[in-house]
Amino acid sequence: MDVVLDNQEAIEPELKAFTESRVKFSLKRLFWLVRKIKVKYSAVRLSNTSFNQNCLIEMQTFDHRQIEVSVTARDRRTALEMGLKKAYKHLQKAINKA
């Protein structure tokens, strides 16, 4: 499995390490099904002073299915957690349909 972080701005090393370890931990039961995972972070402006963080998770399975999940939350870690939970459910549905 290949985890790719895609962002226009530089990501802190601790966030990168957290993201990679969290993705591997969250998908450890379905590790064999996923070929590539791409995680993108972006900021969503709410007002002049506040931002929410958007996390887009794109997964490609070995049977060439594309699964995309987008979640917006107050911070990146929460958005990642919620996005991985959604992605896991979509991955389970894809397995059950096959």
May I have the step-by-step check of salt bridge (charged side-chain N to carboxylate O under 4.0 Å, His left out) for D63 and R65, ending in yes or no?
CA-CA 6 Å; D63 56 353; R65 292 185 188 174; 3.4 Å; yes
One pair to check against side chain to side chain contact (heavy atoms under 4.5 Å, CB included): H90 and V69. What are the steps and the verdict?
CA-CA 9 Å; H90 284 289; V69 176; 3.9 Å; yes
For C55 versus A79, what's the shortest heavy-atom pair and its separation?
CB-CB, 3.7 Å
Residue pair L56, S42: steps toward the side chain to side chain contact (heavy atoms under 4.5 Å, CB included) verdict
CA-CA 8 Å; L56 175 69; S42 61; over 6 Å; no
Looking at residues at least two apart in the chain, or sitting in another chain, which of them share a side-chain hydrogen bond (donor to acceptor under 3.5 Å, both in side chains) with E58?
none
State, yes or no, whether a side-chain contact exists between L80 and Y41 at a heavy-atom distance under 4.5 Å.
yes
So, using salt bridge (charged side-chain N to carboxylate O under 4.0 Å, His left out) as the criterion, who are the partners of E68 when residues are at least two apart?
none
CG-CG distance between L91 and L33, expressed to the nearest 0.5 angstrom
5.0 Å
Cluster overlap Y88 with F25, hydrophobic side-chain contacts below 4.5 Å:
no
Contacts of type side-chain hydrogen bond (donor to acceptor under 3.5 Å, both in side chains), residue N52, not counting sequence neighbours
none
R35 side chain near H64 side chain, heavy-atom distance below 4.5 Å
yes
Distance, nearest 0.5 Å, that separates CZ of R29 from CD1 of I95
12.0 Å
Quick one, Q92 and L30 - any side-chain contact, counting heavy atoms below 4.5 Å?
yes
Are R76 and E12 side-chain neighbours, meaning at least one heavy-atom pair lies under 4.5 Å?
yes
Do side-chain atoms of S26 reach the backbone of V23 as a donor and acceptor pair under 3.5 angstrom?
no
Determine whether a donor-acceptor pair (N or O, by modelled atom type, separation under 3.5 Å) exists between the side chain of T19 and the backbone of L15.
yes
What I'd like to find out is whether the side chain of F51 reaches to under 4.5 Å of the side chain of V44, using heavy atoms alone.
no
Determine whether I57 and K38 satisfy the following criterion, side chain to side chain contact (heavy atoms under 4.5 Å, CB included), listing intermediate values before the conclusion.
CA-CA 6 Å; I57 301 171; K38 187 183 265 188; over 6 Å; no
Test item: R22 and L84 side chains (from C-beta on) under 4.5 Å apart, heavy atoms:
yes
Do K36 and M59 have side-chain heavy atoms sitting under 4.5 Å apart?
no
